[in-house]
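Encoded as structure tokens, the structure appears first; notes follow it.
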Amino acid sequence: MSIVSCSRDRSTIETLTRVESIMQEHPDSALSLLQAIDTKTISTDRCRALHALLLSQAYDKNYIDLTNDSIITIAVDYFADSDEHHYAMLAHYYRGRIYENDGDIASCIIQCLDAEKRALLINDYFYLGMIYGTIADCYNKAYNFDEERNYALRSLESFKKTSNELYIKYAYLSYGVSLVNCKKYSDAEKFYEELLKVDRYKQDNIFYRKIISNFIHLKWINKDYQAIRKILYSIKNEYECDATTFAIIADLYRNENKIDSAQSYLSNAKMLIKTDREKAITKHVEYDIMCDNQNYAQARKQLNDLNKIQNDAIRIIWEQSVIKNQRDYFRQKTELAEYKNREQKLIHISAYIIIGILVLCIVFFIVYRYKKEKRINKLKLNQILQELSYKETQIAKTKQRISLTEKALSEEQHLNKQYCNEIEIQNQMLKLYEKQQEYEIIYRQIAERQVAKSSIVGYFKAVAHSETNTINHDDWEQLYKYVNTQYPQFVQRLSDLVKLSEIEHKVCVLVKCKMTPKEISILANRSIESVSSIRRRLYKKIYMKQGKPSDLDNLIYSL
């Protein structure tokens, strides 16, 4: 079995190594290889944790948004306390990505800050850029645009330290968007103008189109429609427009009273909406077009949609303080942990010093003791002879004490036997009492069946369900005698508990006969509420506390 387990682990490790090598360029193949691994065959904790980490990474790179952290938690729990900083960083980062997919922005930021600590230890600037970019996205979703700009800049600076041109370009885009979100329009305009001048960026049509789209949006915010026209004329049909650009073109046509063209471009914008920002811009332009067309009902609908988007923004802004508090709590917790580590190191150093001093003292004491013993050995020889004689006398006295102790022990054993016999007798009496209780329960059950089948109880039930028949004093006496016959000690036990009035006596006897409250009220010529009150009052007399009518019924059944 151990040989088979080792061969399986070796095969799994080889597969995981191959997955790591192809993860960046072929994430779909990596995911297929990971899904083909049977997790039941993985016997080591490290392989299991590495498999969970790579599987979560493959899902993320294949744009499969996980919202449950059950898989990645295996990796986090294993690598969090290890020295494998790369894997610990990836585990925290992809756990944060899962929290981001689930909408838990605060937890995502905390996990990314954990990942940042590990990335700084190994100077992994690529993943530092990824981590800061994710935190920037979280703050964008939380409408905390100042923090978004701060982390977007950190992401850009981290990617610049790598040779990955693709991620550097998109870090530039994220930083430009954050400048616009912070309303730093002049800085954003300079930033986009510098990007548009770089020749190598013009070769990437997708990237260049995104820069132009963001630049057009910036000009639209500043209401510089003339500049927008110049940009659109300069690019003409070279680049494909996104939702924002189409919406802005529609707004330009609206300003020129070309409503048909405006609506055409607006339809194109609606089909390309991907983000809340694009949705808000499109709704805003559509609202202006509806107002120009005097279609106020539709305009009101667009305005409501805009208000909803704004209300969501306000709600998230209110939650910013919670996110900040959680982040501050995490930092304080980290500082406290570092302080505790330093304190433990100082304690260890102090302990080593104290132990060293103690060892020196012990050595000095041993040497001193050895020299002193050499001097007094001669004196001890004489003392030993005296002690031997003294010990002989002590041994004789000890033997006497032992004999006395043995006698006391024998007497105590005799007492223990008697005590055990008494305990056994008490246990037998307890068992007899339990048997008696069982017999009483059986007898009570038999009596209850006989009472239920008896003619006198049947007569009382018939009267309770009849409107013509009545019960006289002899009937009540006959019922009392029958109940006393079936339950010989019932009346006596009840009388020992409380002194009963006539109506209370009747109610108790009827309850013992398993009559319902309604039947009791008819036979006792009282209302149901009065019968319930009598039962509560009796319970209070017996136990000196409030109780329910059913509590008294249970007591009467047990007598």
Side-chain angles (χ1 to χ4, degrees), residues 23-25 27 53 56-66 72 85-86 88-182 184 187-188 191-192 195 201 204 206-207 210-211 213-214 274-278 316 320 323-324 326-327 330:
M23 179 67 74
Q24 297 297 333
E25 295 182 359
L53 172 59
S56 301
Q57 186 179 12
Y59 278 130
D60 186 75
K61 288 188 174 294
N62 282 279
Y63 305 100
I64 300 172
D65 293 338
L66 296 177
I72 193 64
H85 300 301
H86 176 71
M89 172 197 69
L90 291 179
H92 284 297
Y93 173 69
Y94 285 106
R95 193 184 202 181
R97 294 281 295 168
I98 291 170
Y99 286 142
E100 183 184 10
N101 296 335
D102 195 32
D104 190 350
I105 296 171
S107 298
C108 174
I109 292 173
I110 290 173
Q111 290 299 317
C112 287
L113 290 173
D114 270 334
E116 178 198 12
K117 286 175 59 182
R118 297 290 187 144
L120 289 171
L121 289 174
I122 58 177
N123 295 324
D124 192 333
Y125 294 107
F126 174 77
Y127 268 102
L128 273 174
M130 297 283 285
I131 291 163
Y132 291 143
T134 300
I135 296 175
D137 290 340
C138 288
Y139 280 117
N140 176 272
K141 292 175 183 176
Y143 293 85
N144 189 344
F145 299 123
D146 290 331
E147 288 293 334
E148 179 199 5
R149 179 172 59 86
N150 180 23
Y151 279 97
L153 181 59
R154 290 190 189 183
S155 176
L156 177 59
E157 290 172 349
S158 299
F159 281 127
K160 282 182 178 179
K161 295 178 182 179
T162 68
S163 59
N164 196 317
E165 186 68 23
L166 177 64
Y167 284 90
I168 293 172
K169 289 190 293 187
Y170 282 95
Y172 272 122
L173 279 179
S174 298
Y175 181 62
V177 171
S178 68
L179 287 173
V180 176
N181 290 336
C182 290
K184 296 185 177 295
D187 293 341
F191 181 76
Y192 282 127
L195 285 180
Y201 292 157
D204 188 342
I206 297 174
F207 179 71
K210 287 183 177 293
I211 295 175
S213 175
N214 290 349
K274 293 180 181 178
T275 64
D276 287 341
R277 188 184 73 161
E278 292 176 347
I316 297 176
Q320 286 180 17
I323 297 169
K324 183 177 183 301
Q326 291 186 359
R327 183 188 64 189
F330 170 78

Using side chain to side chain donor-acceptor pair (under 3.5 Å), reason through Y125 and E157 one step at a time and then give a plain yes or no. CA-CA 9 Å; Y125 294 107; E157 290 172 349; over 6 Å; no

Partners of [X] by side-chain contact (heavy atoms from CB on, under 4.5 Å), sequence neighbours excluded?
{"X": "I98", "result": "L66, D69, I72"}
{"X": "D65", "result": "N101"}
{"X": "S178", "result": "E148, R149, A152, Y175"}

[atom1]-[atom2] distance between [X] and [Y], expressed to the nearest 0.5 angstrom:
{"X": "D60", "Y": "M23", "atom1": "CG", "atom2": "CE", "result": "10.0 Å"}
{"X": "M89", "Y": "L128", "atom1": "CE", "atom2": "CG", "result": "8.0 Å"}
{"X": "I135", "Y": "Y93", "atom1": "CD1", "atom2": "OH", "result": "9.5 Å"}
{"X": "N62", "Y": "Q57", "atom1": "CG", "atom2": "CD", "result": "10.5 Å"}
{"X": "Y94", "Y": "L53", "atom1": "OH", "atom2": "CG", "result": "8.0 Å"}
{"X": "C112", "Y": "Y127", "atom1": "SG", "atom2": "OH", "result": "12.5 Å"}

Shortest non-hydrogen pair, C138 vs I109, comes out as CB-CG1, 3.9 Å

Residues G129 and S158: closest non-hydrogen pair is N-CB, 3.5 Å

*Do S155 side-chain atoms and Y151 backbone N/O form a donor-acceptor pair below 3.5 Å?*
no

Who pairs with [X] by side-chain hydrogen bond (donor to acceptor under 3.5 Å, both in side chains), at least two apart in sequence or on another chain?
{"X": "Q24", "result": "K61"}
{"X": "K160", "result": "none"}
{"X": "Q111", "result": "H92"}
{"X": "H86", "result": "none"}

Residues Y132 and E116: side-chain donor-acceptor under 3.5 angstrom: yes

Those residues at least two apart in sequence (or on a different chain) that pass salt bridge (Lys or Arg N to Asp or Glu O under 4.0 Å) with D124 are none

Sorted by chain and number, sequence neighbours left out, ring pair (Phe, Tyr, Trp, His ring centres under 6.0 Å) with Y167 holds for F126, F159

